[in-house]
Amino acid sequence: MSDNRIKILPENIANKIAAGEVVQRPESVVKELLENSIDAGSSEIDLIIKKAGKSLIQVCDNGSGMNEDDAILCIQKHATSKIKEYEDLEAISTLGFRGEALSSIASVSQFEIKTERKEDEIGTLIRVEDDESLTKLKGSYPKGTSISVKNLFYNTPARRNFLKTDATELKHIIDTFNKIALSHPETHFRLFNDNDVVFDYKTGTLENRINSVFADNMLDALLPAKENTDLFNVNGYIGKPSLLKKNKGEQYLFLNKRYVQSKQINHAVFTAYENILEKGDYPFFILFIELDPRRIDINVHPSKLEVRFEDEKDIYNIIVAVIKRSLGMHDLVPSMTITPNERGEEKIFFNSYVKAEKNDFSDRPKSSSPSNYKKEYSDSEIDQIFSGIPDDLKGNASLSNMDMPIENIFEKPLPKTQERIFQSNQNEETSAFIIQLHNKYILSQIKTGLMIIDQHVAHERILYEKIKKKYEGSSAFSQNLLFPITLELDPGKFNVVKELHSYLTKIGFDIKFFSKNTVVIEGVPEDIKSGHEEKILMEIVDEYVINFREKKLDEIESLAKAYSCKAAIKAGDSLNEKEMRLLIDQLFATENPYVCPHGRPIVIKISLDEFDRRFGRT
């Protein structure tokens, strides 16, 4: 008698163990069977589900079918028609290739295949019995292949007990069904659940399939993203900011038509959306990447969801550039309508699905006559407009002017530079009207109706992008104070200010440190209003702590958001017409004039059609 403690497992037990890698739940079976049908060249695929796949999963296709020998071999371990030698692993062009799926599924279910090739007059039925013996029958069957998986995990009760509720398992099945249907719009897919037709996706274009899977007007909420490079091609759609979600699951990435998950690609898309996203927001996207199979490794895990790229850094940078360009080439301003609800009550709705016209930034307030109005301004000109530091302080100042309100900045004669900016020719066409509403919102006529701008978040966006550029360049100019401000801080704030010293210097603060938690402010950025230096610095520190320590933003991002929020003009600040026009011009010169750094909308529109409807003109 042998004393060996290590033994070779019987094949039936080994198969049941291996099945745990491939078949984790009914959705895993659906994925493997649908992918096999696609690899078989099917133009029509039906998925039939009963009891969320626990009782029955059946996939019927009109693909190439199999002869008798192939039908028997396909359920054997490591049997595949997709690869023949090691080199084939480096250039996989099919969805399946490992030769594990059918054998694993058959080992944990009551399994049946009916298949017939187009050129054959008779087909084959293979049934795997409870004792794993194989039954073979000949007969006439529909052209293609039908695979039935009954009573999944019936012989591994522990695994069956770990399955979730029928609703949860069905949700996973539908999710996988839709992902595969999205990646193959040229194929007709149908899903039956307990004899009811749940989905019927006709053959069509990617755009047709997107509308079928999501909503009829889904494309109106999306922006196209496309680029062909020597390394790879990318094509698809990304969501407008109105489609930002608070949960994952709305990111669809397909690599050579295979749904995959890639932290690198996801991070690239998130980076491109940059400050549109708040912590916890997730952008919607459907992206198809076509890449030489030899440059990727899809054979990381039996589920084939993970992928590794050979040129990871280059792909990352290209994806960031493509998404940024797509966002930058479209007008994303939402339109507001007033619509009755089901009870007849009128409610205000934001129409997130208004078509965006490529490169159309003309639908915005006119500044002045084209021949006399300057469209771009230097930093010094901007600083003169939005700085709260009176001009007197730059020369022979008097302390009585320290608290000059923003609306009074232009009551004094304008410097020559500003006079040139705002001079208008009386003989030219006058600019569109522009007014301030309750010292909070700027209302202006545009060619399609009325544009409403939140003045605080608009200035916040301007300052945010200005600060980010200062970090990339040399240190900013600091406006020296006539009388330095001495602050006694608590140890916590003193340490934060000290920790941020280099960053604060970069944006224009000149701060000196002394013993006993004392700091002296000797200079401030041009954007900070005089008389508010201490208050704004402390607000920036408090906001920074929230952004960095609670929201987990990096130092530069945290400080840029904190500074732009606290230094921006506030709701309640009165602006004159020149300031409002300059604010609008600067807003539309930013990379993203639609949302503030915290994700709040800056601009909305009300169309002339809406006004006409409200006044009975339609």
Side-chain angles (χ1 to χ4, degrees), residues 379-380 382-406 408-409 456 459-460 462-464 466-550 553-570 573 597:
D379 284 345
S380 62
I382 303 312
D383 294 336
Q384 289 179 45
I385 299 298
F386 286 110
S387 171
I389 303 171
D391 289 336
D392 289 347
L393 290 183
K394 298 172 185 175
N396 298 319
S398 65
L399 293 177
S400 61
N401 290 328
M402 287 287 283
D403 294 320
M404 180 181 292
I406 192 166
N408 293 333
I409 295 175
H456 170 69
H459 196 205
E460 197 174 342
I462 295 166
L463 292 180
Y464 173 82
K466 180 178 178 182
I467 291 302
K468 295 280 278 192
K469 289 176 182 176
K470 284 183 178 180
Y471 281 128
E472 297 169 2
S474 57
S475 296
F477 172 75
S478 179
Q479 175 67 47
N480 292 328
L481 300 179
L482 285 179
F483 299 97
I485 300 172
T486 301
L487 303 177
E488 297 289 340
L489 304 179
D490 63 63
K493 285 189 178 180
F494 181 83
N495 289 332
V496 173
V497 173
K498 205 162 189 177
E499 178 183 319
L500 291 177
H501 185 232
S502 62
Y503 299 104
L504 291 169
T505 301
K506 195 80 172 174
I507 62 177
F509 279 98
D510 184 4
I511 298 175
K512 299 293 188 295
F513 296 90
F514 295 93
S515 59
K516 295 184 179 179
N517 301 325
T518 301
V519 299
V520 176
I521 306 174
E522 296 187 347
V524 295
E526 303 94 326
D527 305 298
I528 292 183
K529 295 166 67 173
S530 61
H532 296 78
E533 297 86 355
E534 175 184 347
K535 178 175 181 288
I536 289 178
L537 177 61
M538 291 301 97
E539 287 179 344
I540 289 171
V541 168
D542 292 339
E543 182 78 5
Y544 167 82
V545 171
I546 294 173
N547 288 336
F548 181 66
R549 296 182 181 173
E550 296 182 17
L553 303 178
D554 63 40
E555 289 89 345
I556 294 176
E557 185 73 8
S558 300
L559 193 55
K561 285 188 174 183
Y563 178 84
S564 61
C565 179
K566 300 308 177 183
I569 56 177
K570 303 293 189 290
D573 287 343

Nearest 0.5 Å, please: how far is [atom2] in [Y] from [atom1] in [X]?
X: D527; Y: K566; atom1: CG; atom2: NZ; answer: 15.5 Å
X: L487; Y: I521; atom1: CG; atom2: CD1; answer: 4.5 Å
X: Y544; Y: L500; atom1: OH; atom2: CG; answer: 4.5 Å
X: I467; Y: K470; atom1: CD1; atom2: NZ; answer: 4.5 Å
X: S558; Y: I540; atom1: OG; atom2: CD1; answer: 13.0 Å
X: F494; Y: E488; atom1: CZ; atom2: CD; answer: 9.5 Å

query: Does the ring center of F509 lie less than 6.0 Å from the ring center of Y503?
result: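 No - the distance between ring centres of F509 and Y503 does not fall below the 6.0 Å cut-off.
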Would you find a donor on one side and an acceptor on the other, under 3.5 Å apart, between the side chain of [X] and the backbone of [Y]?
X: E539; Y: L537; result: no
X: H501; Y: E499; result: no
X: K561; Y: P597; result: yes
X: K493; Y: P491; result: no

- prompt: Can you find a pair of side-chain heavy atoms, one from M538 and one from L489, that are under 4.5 Å apart?
  reply: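 Yes, their side chains come closer than 4.5 Å.
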Looking only at non-hydrogen atoms, find the nearest pair between [X] and [Y] and report the distance.
X: A567; Y: H459; answer: O-CE1, 4.4 Å
X: P484; Y: E522; answer: CB-CG, 4.2 Å
X: H456; Y: I569; answer: ND1-O, 2.8 Å
X: D490; Y: N517; answer: C-ND2, 4.4 Å

- prompt: With respect to S564, which candidate in K466, E460, E543 satisfies the side-chain contact (heavy atoms from CB on, under 4.5 Å) definition?
  reply: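 Answer to the side-chain contact (heavy atoms from CB on, under 4.5 Å) test with S564 among K466, E460, E543: E460.
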query: What do you reckon, is NZ of K570 surrounded by more than 12 foreign heavy atoms closer than 6.0 Å?
result: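 Counting neighbours around NZ of K570, more than 12 heavy atoms of other residues, nucleotides or ligands fall under 6.0 Å, so yes.
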